[in-house]
Amino acid sequence: MAKSFHAQWSSRMTFILAATGSAVGLGNIWRFSYLVGDSGGAAFVLVYLLCIALVGLPILVSEWMIGRRGQKNPINSLAELARKNGSSQAWILVGVSGVLAAFLILSFYSVIGGWSLSYTLSSLTGDFSGQDAATIEGLFGALLESPGMLMLWHTIFMALVLGIVAFGVNQGLEKAVRLLMPALVVLLVVLVIYGMFSGHFGEALAFMFAPDMSAFTGDVVLAAMGQAFFTLSLGMGIMISYGSYLGQEVKLLGAARTVIILDTVIALLAGLAIFPIVFANGLDPSEGPGLIFVTLPIAFGGMTAGWLLGLIFFLLLTFAALTSAISLLEPVVEFLEERSPLSRVPATVVASFAIWGLGVAALLSFNLWDFTVLFGLNIFDLLDTVTAKILLPLTGLGAVLFAGWVLSRDSVAKELGLSGGAATAWNVAARFIAPIGVILVFVFNLVG
Ligand code: PFF
């Protein structure tokens, strides 16, 4: 997305919208809610919020700062800044692992984007109207068991992403983000209100916010940190790219606060919308990746004009997924454009085709290839785990270490408009708190 802007974002607002468009996506609604359900509820939510504030914020700001100073794509920005600051060229590995992560994530992200498209159509045709929970669960099961349907929707989703990136119509999408993001928030609020009256709201609140100490396991902490990276689009070079189109006048800390608040509010609202319905219908919160595709249609199916709300919801979700997906394709295309003789359109086609192919392997994990390949995980889960729990945190760690230790302390304080205690606080966060947080979670998980 950033590349087609060449010079600079037209305004601070456009930049914030683009960053929010990348951040808010399936991660906030689909991934957040199923991880909360799967990872012990409140324990996960609390660690996630801590990770967002203590690790996510410094890394988001570091990535933007690297991009704005380097004024190039992630790999070249790091190379250039490392050279200028007399540091090792090995820093470019941070950019390389980001591109790899983007490639892997988009392959399975597109499969879920396909589910969202499929559910948009099903809402339109009234498939959920008046159906009971078991029937709706059955519909989702049938989708997963059909490689043909999964492939069809995954292909349509990927084709949309390809079209948008290849023809560079992203600017139009940003105007749409301005309209559709508030619409998504309003719809989530409607669902939360529905849950207050028709669901088990108290139970949902306790599940999300009253932690059970025994639920704080190493894996929950690692999953929460992975989600913090995933949801803020960190560790992938995307925010470095976006930073490279950023004018000097934009205040990074303020912009980061806006993006993070919007992203977090949407995720929490999604949880508050979904869990009352889960408990009211006796569903299993740890149902896994199908959670929203089972619970929300149950709610829509039972409401007057629910088909219309369902239609609007899944359309908005698909849209949010598309704006995130195009931001994921961008680094891969940019990489191919620079490292191969391909120009933009062929590079987009080649990247999309390769990602589509890996996505097919991911979607077959739900049916024909329903076997484990490594560490007890199937291909889909492996892609998700390797990226969110390993690649994103490591790449983000690289970015914050670079900003904390390689860039000069005074220039950073000046760039962030900080002095005295606030400058020291930033320094401590970027040099120690965020990196130690990421490292501790890894070590904790290895020994735990
Ligand atoms: N942040 C997006 C979401 O939460 O759905 C997903 C995503 C987009 C992850 C871009 C990573 C990324 F670079």
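Both counts, for ligands and for their atoms, begin at 1 and track the order of listing.
Under the 6.0 Å cut-off for aromatic ring centres, Trp115 and Phe366 qualify, their centroids lying closer than that. Between Phe207 and Phe275, the gap from one ring centroid to the other is short of 6.0 Å.
The backbone N or O of Gly114 lies less than 3.5 Å from no partner atom in the side chain of Ser118, so there is not a single donor-acceptor pair. With hydrogens and angles ignored, the 3.5 Å screen pairs a side-chain donor or acceptor of Gln227 with a backbone N or O of Gly27. Distance alone, capped at 3.5 Å, is enough to place a donor-acceptor pair between the Trp30 side chain and the Pro289 backbone. Side-chain atoms of Ser116 do not come within 3.5 Å of backbone N or O of Ile112 as any donor-acceptor pair.
The single protein non-hydrogen atom nearest to atom 3 (C) of ligand 1 is Ala23 O, 3.3 Å, given as residue, atom name and distance. For atom 5 (O) of ligand 1, the nearest protein heavy atom (residue, atom name, distance) is Tyr109 OH, 2.5 Å. Residue, atom and distance of the protein heavy atom nearest to atom 11 (C) of ligand 1 are Met236 CE, 3.3 Å. Of the protein's non-hydrogen atoms, Phe230 O, 3.3 Å is the one closest to atom 9 (C) of ligand 1. The protein non-hydrogen atom at the shortest distance from atom 8 (C) of ligand 1 is Ser233 OG, 3.3 Å.
When only interatomic distances are considered, the shortest N/O to N/O separation between Ser327 and ligand 1 does not fall below 3.5 Å. For ligand 1, the polar-atom distance check finds an N/O of Leu26 within less than 3.5 Å of one of the ligand's N/O atoms. Here's the thing with Val24: none of its N/O atoms is less than 3.5 angstrom from an N/O atom of ligand 1.
Annotation for ligand 1: atoms under 4.0 Å from non-hydrogen atoms of Gly27 are 3 (C), 4 (O), 5 (O). Under a 4.0 Å criterion applied to the non-hydrogen atoms of Ser22, ligand 1 contributes the atoms 1 (N), 2 (C), 8 (C), 10 (C). Atoms of ligand 1 found under 4.0 Å from any heavy atom of Leu328, numbered from 1 in the order shown, are 8 (C), 10 (C), 11 (C), 12 (C), 13 (F). Close contacts of ligand 1 with Ile238, meaning ligand atoms under 4.0 Å from a residue heavy atom, involve 10 (C), 12 (C), 13 (F). The distance from ligand 1 to the heavy atoms of Asn28 drops below 4.0 Å at these ligand atoms: 4 (O).
The pair Glu80-Arg69 does not meet the salt-bridge criterion, since no charged nitrogen lies less than 4.0 angstrom from a carboxylate oxygen. Glu330 and Arg344 are joined by a salt bridge, as a carboxylate oxygen and a charged side-chain nitrogen come within less than 4.0 angstrom of each other.
Below 30°, between 30° and 60°, or above 60°: for Phe44 and Phe32 the angle between ring planes is between 30° and 60°, a tilted geometry.
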